[in-house]
Amino acid sequence: MTDNIQAIRGMHDILPEHSGRWQGVEQAIRRVLPAYGYQEIRLPIVEKTELFKRSIGEVTDIVEKEMYTFEDRNGDSLTLRPEGTAGCLRACLEHGLLHYPSHRLWYLGPMFRHERPQKGRYRQFHQMGVEAYGMAGPDIDAELILLSRRLWKELGVEHKLELQLNTLGTLEERHRYREELVEYFRGHYEKLDEDSQRRLEGNPLRILDSKNPDLYELIAAAPVLHDYLGEESRAHFDGLKRALDDAGLNYSLNPRLVRGLDYYSKTVFEWVTTELGAQGTVCAGGRYDGLIAQLGGKASHAVGFALGMERLIDLIDQPERYDALQTPHAYFIKVGEEAERAGALLAERLRDALPGLRLAVNCGGGNFKAQFKRADRSGAPIALILGGDEARDQLIGVKRLREEVPQQTLKQSELISYLQSLI
Ligand code: ATP
Ligand code: MG
């Protein structure tokens with residue numbers, strides 16, 4: 001006996017009993033994004049490794065230790081995408097989309113990171129990403145936040161999420177700050193853990209983001225980026241806060257919020273929850289004006305966010321209500337040769353007349369008892385029953401499978417209006 005092959009650790013199947021909740025969230029996304037004029041873009045899952053190194057930055061968790069990188073048969077180094085921003089921008093530059101003044105895009109799909117699997121943290125996970133190009137002002141930053149709030153409302157999770165907000169200033173402001181920060185941490189070098197010591201040269205802002213409690217005090221006393229912001233960065237941040245205030249959206253300011261990726265500038269934000277344990281960030285994003293030029297484009301503006309689908313789905317109350325969207329409305333039992341032929345045609349007529357009807361027709365024969373068992377297992381609330389007699393007399397049996405009521409017999413011509421009430 002050979003062992004059964006199993007899925008890769010941290011990469012999960014989404015079984016039919018739970019795929020309805022994914023569809024429910026996806027449908028909400030497909031309603032909300034177009035309401036703000038965003039269009040879907042579909043992108044490859046594999047890109048050249050160089051793309052992620054250049055955009056995400058060499059000294060980041062993702063590039064240092066999380067990427068699935070391999071050599072393909074031509075000897076090129078390729079990587080399963082760990083996030084979507086880089087690929088989206090690559091596609092837009094490649095196809096000249098950024099020649100137009102502005103673009104609003106979204107995408108949805110699997111991402112891959114070699115992390116330690118735990119609740120809310122997987123090696124294949126799914127993100128919905130939103131990117132807006134070519135718009136400089138804080139109004140578009142606010143729009144992204146408002147559209148995410150609308151999504152939370154649609155899914156009934158808005159009371160579980162809090163918006164945290166910060167600004168990272170321009171690259172120049174950040175460089176000045178960075179020098180001060182490096183000097184400060186150098187003065188306390190022996191107190192830093194190994195990770196932070198390594199980051200000190202490459203990406204010192206990441207030290208602020210450290211989850212090591214031994215460093216909290218040191219980090220709390222570090223210089224604050226806000227003190228290094230220029231006039232324009234302050235005005236941008238004030239504009240964003242004003243727009244959120246106008247919209248009645250509460251937020252808390254978190255000066256330690258720096259995000260893991262190198263490419264952010266000015267606005268950064270996270271939607272966080274206390275309901276998912278350690279993996280509390282459901283959605284994160286910000287402005288990354290510098291990245292377009294960094295990838296070879298003409299300098300422009302960009303802002304976006306990514307939300308973790310698994311974490312969002314975990315936050316939904318009674319996700320079963322979405323799972324039920326996949327259960328058939330009715331299971332069609334047909335026994336005997338005459339009923340089988342007539343039943344197949346009747347089922348097609350029902351589908352013609354009732355778009356949206358989820359009708360599972362018994363295939364593969366079986367006696368009444370066997371077919372009733374399958375009907376029961378399908379989860380459908382009713383069974384339609386066609387035997388030889390019914391087929392001959394243009395009748396159909398209807399049995400409620402989840403209630404104690406006797407079976408009814410209807411004329412086939414009455415069936416459409418009967419089923420209408422179920423959809
Ligand atoms: P974290 O601090 O949790 O590692 P991150 O800063 O690496 O998050 P981003 O790269 O900003 O996360 O990704 C945006 C969102 O994608 C996260 O807020 C989270 O909801 C989700 N996400 C990121 N990594 C994973 C993962 N390994 N498994 C599941 N969801 C993830
Ligand atoms: Mg991470």
Side-chain angles (χ1 to χ4, degrees), residues 7-14 22 25 29 45 51-53 55-57 59-68 79-89 106-131 144-145 148 151-152 155 157 160-166 168 195 199 203 205-212 254 256-265 267-288 291 302-316:
I8 296 163
R9 203 163 104 82
M11 303 200 180
H12 295 286
D13 304 305
I14 298 163
W22 284 79
V25 173
I29 288 169
I45 285 172
L51 175 69
F52 301 113
K53 285 197 175 164
S55 59
I56 298 171
V59 194
T60 54
D61 282 354
I62 293 182
V63 172
E64 276 183 337
K65 50 191 182 196
E66 294 176 359
M67 294 206 303
Y68 279 94
T79 293
L80 299 185
R81 62 180 184 192
E83 51 100 58
T85 296
C88 187
L89 199 45
W106 69 274
Y107 49 82
L108 172 71
M111 307 291 162
F112 303 84
R113 297 184 193 176
H114 196 277
E115 303 199 66
R116 193 169 69 76
Q118 51 197 292
K119 188 172 157 42
R121 193 174 292 286
Y122 311 103
R123 289 180 173 174
Q124 174 172 335
F125 61 101
H126 298 77
Q127 282 183 342
M128 192 277 281
V130 178
E131 319 284 354
L144 287 184
I145 291 171
S148 52
L151 188 59
W152 314 149
L155 296 168
V157 298
K160 300 185 184 182
L161 285 163
E162 183 203 62
L163 180 69
Q164 296 199 348
L165 204 58
N166 191 22
L168 299 178
D195 257 357
R199 282 180 177 142
N203 193 353
L205 263 72
R206 277 291 280 170
I207 302 176
L208 300 175
D209 203 21
S210 165
K211 293 181 175 107
N212 180 355
N254 178 359
R256 305 288 161 209
L257 185 67
V258 294
R259 308 285 311 117
L261 312 180
D262 260 359
Y263 51 53
Y264 287 106
S265 59
T267 309
V268 285
F269 64 88
E270 289 192 356
W271 286 97
V272 297
T273 180
T274 52
E275 303 214 358
L276 296 178
Q279 269 56 252
T281 304
V282 172
C283 172
R287 183 166 277 279
Y288 54 95
L291 185 59
V303 51
F305 71 72
L307 80 80
M309 294 285 284
E310 284 82 358
R311 294 185 195 175
L312 177 59
I313 287 169
D314 275 349
L315 215 53
I316 293 173

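For ligands, and for the atoms within them, numbers begin at 1 and follow the listed sequence.
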Identify, by atom number and element, the atoms of ligand 1 in contact range of [X], meaning under 4.0 Å from any of its heavy atoms.
X      : value
Lys211 : 2 (O)
Val282 : 18 (O), 20 (O)
Arg113 : 5 (P), 7 (O), 9 (P), 10 (O), 12 (O), 13 (O), 23 (C), 24 (N)

Whether Arg121 lies under 4.0 Å from ligand 1, heavy atom: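 It does, in that a heavy atom of Arg121 comes within the 4.0 Å cut-off of ligand 1.
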
Examine ligand 1 and decide if any of its atoms is less than 4.0 Å from a heavy atom belonging to Glu115.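 The answer is yes: ligand 1 sits under 4.0 Å from a heavy atom of Glu115.
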
Using modelled atom types only, decide if a donor and an acceptor are shared between the side chain of [X] and the backbone of [Y] within a distance under 3.5 Å.
X      : Y      : value
Asn254 : Gln164 : no
Glu310 : Arg121 : no
Arg311 : Gly120 : yes

Residues that Tyr107 engages under side chain to side chain donor-acceptor pair (under 3.5 Å), provided they are two or more places apart: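 With sequence neighbours excluded, Tyr107 shows a side chain to side chain donor-acceptor pair (under 3.5 Å) to Glu131, given in chain and number order.
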
Please classify the Gln127 to ligand 1 contact at 4.0 Å (heavy-atom distances, strictly less than): side chain, backbone, both or neither.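 Side chain only; the backbone of Gln127 stays clear of ligand 1.
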
Considering non-hydrogen atoms only, spot the tightest contact between Leu144 and Phe305 and give its length.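 Minimum heavy-atom contact is O-CE2, 3.5 Å.
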
Going by atom types only, do Gln124 and His12 share a side-chain donor-acceptor pair under 3.5 Å?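 Their side chains do not contain a donor-acceptor pair, so the 3.5 Å distance test is not met.
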
Given Gly286, Ala278, Gly120, identify the one with the heavy atom nearest to atom 29 (C) of ligand 1.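 Nearest option to atom 29 (C) of ligand 1, by heavy atoms: Gly120.
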
As a check for students: among Asp61, Leu312, Thr281, Val268, identify the option with a heavy atom nearest to atom 17 (C) of ligand 1.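 Result: the heavy atom closest to atom 17 (C) of ligand 1 is in Thr281.
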
Give yes if a backbone or side-chain nitrogen or oxygen of Arg311 is under 3.5 Å from a nitrogen or oxygen of ligand 1, and no if not.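 Between Arg311 and ligand 1 (N or O atoms, distance only) the closest approach is under 3.5 Å.
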
Would Leu307 count as being in polar contact with ligand 1, using the rule that some N or O on each side must be under 3.5 angstrom apart?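 Checking ligand 1 against Leu307, no N or O pair falls under 3.5 Å apart.
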
Can you check salt bridge (charged side-chain N to carboxylate O under 4.0 Å, His left out) on Asp61 and Arg206, steps first, answer last? CA-CA 10 Å; Asp61 282 354; Arg206 277 291 280 170; 2.9 Å; yes

